[in-house]
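Just follow the structure's listing: the first ligand is 1, and inside any ligand the first atom is 1.
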Amino acid sequence: MAVNTQRTGMLLIISGPSGTGKGTLVKKLMDSDPSLRFSCSVTTRAPRVGEVDGVDYHFITDEEYARLVADNRFLEHATVHDHHYGTLRKPVEDMMQQGHNVVLDIDTQGAISVMENAEDYVSVFILPPSFKELRERLVNRKTDAPDVIERRLNNARGEVQQAHRYQYSIVNDDLEVAYAQLKTIVEAEKLRTNRCKHTITD
Ligand code: ADP
Ligand code: 5GP
């Protein structure tokens, strides 16, 4: 087929309460799509069992975080559930310039800041089917102490009130259904004419 396709990278913002399934959905998406690159955030929270520095997060100290803020190195940063998190500007810009689609798994404060400043993005909010189910997922995940789970559940109420600010929202009840919906959004958004220019020949 004599079709030449030129693509421009997409900035995909994914948010939702802790335990709603963002990480699970993002992993499935990344495994299925080599055009995607995950933006590895920095955080001052402690690594969970199984988390790898430089893969899940860059785990840093409060002092290192303060230095990055002072040096204006963040695309966005926020304090979430009592810890600091941030997206480094440079790696995201580099990946976008290389034409990759970059995935940000960030909280609502960070997402709103990116949406207010970025020219082009795709934003998706992931809802749990209920707060009861959210609690069960956090408990069953076995990564957080009971007081941490309570804090995250309390914050979830405010976070879901921000869902209307996003372009898309998905309820992650059946994982395969939610994944198919996310995949559909990504595939459609890749075909927007500002991100995908097809040239055909005789
Ligand atoms: P988040 O990244 O939003 O904090 P996770 O991806 O870690 O959430 O998911 C939280 C827990 O819920 C995990 O144990 C995960 O396996 C589970 N989970 C994710 N999606 C579903 C779903 N649709 N149904 C049931 N459990 C789910
Ligand atoms: P967790 O501690 O469960 O990995 O993440 C807690 C929350 O922090 C989630 O809502 C997640 O999306 C958010 N988060 C992770 N990285 C970043 C980041 O770089 N910036 C912002 N603003 N939030 C982040």
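Residue contacts with ligand 2, taken as heavy atom pairs separated by less than 4.0 Å, do not involve Glu159 at all. Using a 4.0 Å cut-off between heavy atoms, His58 makes no contact with ligand 2 at all. When heavy-atom distances to ligand 2 are checked against a 4.0 Å cut-off, Lys22 comes that close only through its side chain, counted from C-beta outward.
Proximity annotation for atom 14 (N) of ligand 2: of Asp105, Thr108, Leu75, Asp105 comes nearest, heavy atoms only. In this structure, of Lys22, Arg137, Glu136, Lys27, the residue bringing a heavy atom nearest to atom 24 (N) of ligand 1 is Arg137. Nearest residue to atom 7 (C) of ligand 2 from Ile14, Val80, Val26 is Val80 (criterion: closest heavy atom). Of the candidates Gly16, Ser15, Gly19, Ala178, it is Gly19 that places a heavy atom closest to atom 1 (P) of ligand 1. Among Asp174, Thr24, Val139, the residue whose heavy atom sits closest to atom 19 (C) of ligand 1 is Thr24. Of the candidates Lys28, Glu176, Arg152, Arg141, it is Arg141 that places a heavy atom closest to atom 14 (O) of ligand 1.
Interface of His81 with ligand 2, defined as ligand atoms under 4.0 Å from a residue heavy atom, comprises 6 (C). Residue contact check: Arg152 has heavy atoms under 4.0 Å from atoms 1 (P), 2 (O), 3 (O), 6 (C) of ligand 2. Within ligand 1, the atoms closer than 4.0 Å to a non-hydrogen atom of Leu175 are 20 (N), 23 (N), numbered from 1 in the order shown. Per-residue contacts place Gly110 under 4.0 angstrom from the following atoms of ligand 2 (heavy atoms of the residue considered): 22 (N). Every atom of ligand 2 is numbered from 1 in the order shown, and the set under 4.0 Å from a heavy atom of Ala78 is 22 (N). Distances below 4.0 Å separate heavy atoms of Tyr57 from the following atoms of ligand 2: 1 (P), 4 (O), 5 (O), 15 (C), 16 (N). Residue-ligand proximity, Gly23 to ligand 1, at heavy-atom distances under 4.0 Å covers atoms 1 (P), 2 (O), 6 (O). Close approach of ligand 2 to Arg45 is summarised as follows: ligand atoms under 4.0 Å from at least one heavy atom of the residue are 1 (P), 2 (O), 4 (O). Listed by number with element, the atoms of ligand 1 under 4.0 Å from a non-hydrogen atom of Asp173 are 22 (C), 23 (N), 24 (N).
Between Thr24 atom OG1 and Asn172 atom CG the span is 7.5 Å, to the nearest 0.5 Å. One finds the NZ atom of Lys22 at 8.5 Å from the CD1 atom of Ile126 (value rounded to the nearest 0.5 Å).
A salt bridge is defined here as a Lys NZ or Arg NE, NH1 or NH2 lying under 4.0 Å from an Asp or Glu carboxylate O, and Glu64 with Arg73 fails to meet this definition.
Geometrically, ligand 2 and Tyr85 share a nitrogen or oxygen pair separated by less than 3.5 Å.
Using cut-offs of 30° and 60° for the angle between ring planes, the His77 and Phe74 rings count as tilted.
Under the 4.5 Å side-chain heavy-atom criterion for grouping Ile, Leu, Val, Met, Phe, Trp and Tyr, Tyr168 is connected to Val26 within one hydrophobic cluster.
Without hydrogens or angle criteria, Thr79 side chain to Asp82 main chain gives no donor-acceptor distance under 3.5 Å.
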